[in-house]
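Order of the sequence lines fixes the chain letters, A, B, ..., with proteins taken first and strands second; residue numbering starts at 1 for each chain. Everything numeric here is computed off the predicted structure, so don't read it as measured data.
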Number of protein chains: 2
Amino acid sequence: MGKQMTEMLKGILEGVVLAILAVRPAYGYEITAWLREHGFADIAEGTVYALLVRVEQKGLVDVEKVPSEKGPPRKVYSLNAQGQAYLDEFWGTWSFLAERIDQLRDGGR
Amino acid sequence: MGKQMTEMLKGILEGVVLAILAVRPAYGYEITAWLREHGFADIAEGTVYALLVRVEQKGLVDVEKVPSEKGPPRKVYSLNAQGQAYLDEFWGTWSFLAERIDQLRDGGR
DNA sequence: ACTCGGTACTCAGTGTTACTATCTACCGGT
DNA sequence: ACCGGTAGATAGTAACACTGAGTACCGAGT
């Protein structure tokens, strides 16, 4: 994947992950797999975990340790009220940006 | 403007500026003004100049000094072939991302 | 019993990017 | 002579995703 994608993901990936958590709670490994399946091909594992730590510290998600049948216990993240508010704001910002940029593409004005 | 916007702009602003230059050549101050008028309200002046230096060093634009009636000479930037190629790639990346994210918004899948 | 592959998470260090704040410089009008 | 608007440059900072390595746990095959 290009460097462009990498840079564009900044500030977007966080919203994407929160959007995933809005559908249903999930744990890091699962989210990474989901992203890979859905076209965000080359997102490093470490990136997702680091991001989850950040959103946890910001208080946007609740965490629950769940023992796994294979491997170490899973940290299952779920969106809380504050996270939902943040996500709503994210969609607002995204809509605004996407609109401006699509406008820019067809016609330059 | 929120911190979210700031972070989202990373990797996008460069494409936006190149898209502006694709329509017609322009200089830094002009680009800043254009951005302000078109809703990218709080982009600091220094940001645009730094960005222009970057794209110039990457060889994506040609530069021409044009004496101004007011103030110091303008550095007029115009998109060259390499810049056009980069811009095309940017649109490709953007389309991909925008599609995934819009998909994510309505329904989570 | 022992390795091996898959699952799951952690962490230190790096590079890119936009912001802030400040500075230089030129011009016309008062 | 000064001031506001035009035009550009620069040093330092913070945020974010990446790289690369490491830890740990389990079940199946040999």
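- Taking only side-chain atoms of A/I43, from C-beta outward, the nucleotide of C/dA8, D/dC18, C/dT20 with the closest atom is D/dC18.
- Looking at residues two or more places apart in sequence or on another chain, you find a side-chain contact (heavy atoms from CB on, under 4.5 Å) between B/Y29 and B/Y27, B/E45, B/Y49.
- At whole-Å resolution of the value, CZ in A/R36 and P in C/dG6 are 14 Å apart.
- Scanning both residues, B/V48 and B/G28, for their nearest heavy atoms gives CG1-O, 4.0 Å.
- Separating the OH atom of B/Y29 from the P atom of D/dT6 is a distance of 4 Å, rounded to the nearest angstrom.
- Considering only residues two or more places apart in sequence or on other chains, B/Q4 meets the side-chain hydrogen bond (donor to acceptor under 3.5 Å, both in side chains) condition with A/T93.
- Note on A/V63 and A/L21: same hydrophobic cluster, where clusters join Ile, Leu, Val, Met, Phe, Trp and Tyr whose side-chain heavy atoms are under 4.5 Å apart, directly or indirectly.
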For a side chain to side chain contact (heavy atoms under 4.5 Å, CB included) check, start with the C-alpha distance between A/I20 and A/W34, then their side-chain angles and the critical distance, and finish with the verdict. CA-CA 9 Å; A/I20 293 172; A/W34 190 95; 3.4 Å; yes
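- Here C/dT7 presents its C1' atom at 12 Å from CD of A/E30, a figure rounded to the nearest Å.
- Salt bridge status for B/E30 with B/R74: absent, with no side-chain N to carboxylate O gap under 4.0 Å.
- Between the CD atom of B/Q4 and the P atom of D/dC16 there is a distance of 10 Å, given to the nearest Å.
- In this structure, A/I31 places its CD1 atom 12 Å from P of C/dT10, rounding to the nearest Å.
- Contact between the side-chain N/O atoms of B/Y49 and the OP1/OP2 oxygens of D/dG8 is found at a separation under 4.0 Å.
- Per the geometry, CZ belonging to B/R74 stands 18 Å off C1' belonging to C/dT24, to the nearest Å.
- Side chain of B/E45, nearest nucleotide from D/dG8, C/dA18, D/dT19: D/dG8.
- Partners of B/D102 under the salt bridge (charged side-chain N to carboxylate O under 4.0 Å, His left out) rule, at least two apart in sequence or in another chain, are B/R105.
- Residue contacts shown for A/G46 include a base, since a base heavy atom lies under 4.0 Å away.
- Between B/K65 and A/P73, the residue whose closest nucleotide on DNA chain D is further toward the 5' end is B/K65.
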Could you please spell out the steps behind the side chain to side chain contact (heavy atoms under 4.5 Å, CB included) verdict for B/L51 and B/I31? CA-CA 11 Å; B/L51 192 155; B/I31 294 171; over 6 Å; no
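- Rounded to an integer number of Å, the gap from A/M8 CE to D/dA15 P is 23 Å.
- The nearest whole Å value for the distance from the OH atom in B/Y27 to the C1' atom in D/dA9 is 17 Å.
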Output a table of nitrogen or oxygen pairs between the protein and nucleotides 26-30 of chain D separated by less than 3.5 Å.
{"residue": "D/dC26", "atom": "O3'", "partner": "A/E69", "partner atom": "O", "Å": "3.4"}

What nitrogen or oxygen pairs link the protein and nucleotides 14-17 of chain C at under 3.5 Å?
{"residue": "C/dG15", "atom": "N2", "partner": "A/K10", "partner atom": "NZ", "Å": "3.1"}
{"residue": "C/dT16", "atom": "O2", "partner": "A/K10", "partner atom": "NZ", "Å": "2.9"}
{"residue": "C/dT17", "atom": "O2", "partner": "B/K10", "partner atom": "NZ", "Å": "3.1"}

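- Residue pairs meeting the salt bridge (Lys or Arg N to Asp or Glu O under 4.0 Å) criterion with at least one partner in residues 7-22 of chain A, sequence neighbours excluded, are A/E7-A/K10, A/E14-A/K58.
- Of the candidate nucleotides D/dT19, D/dG8, C/dT20, C/dT20 has the atom lying nearest to any side-chain atom of B/A44.
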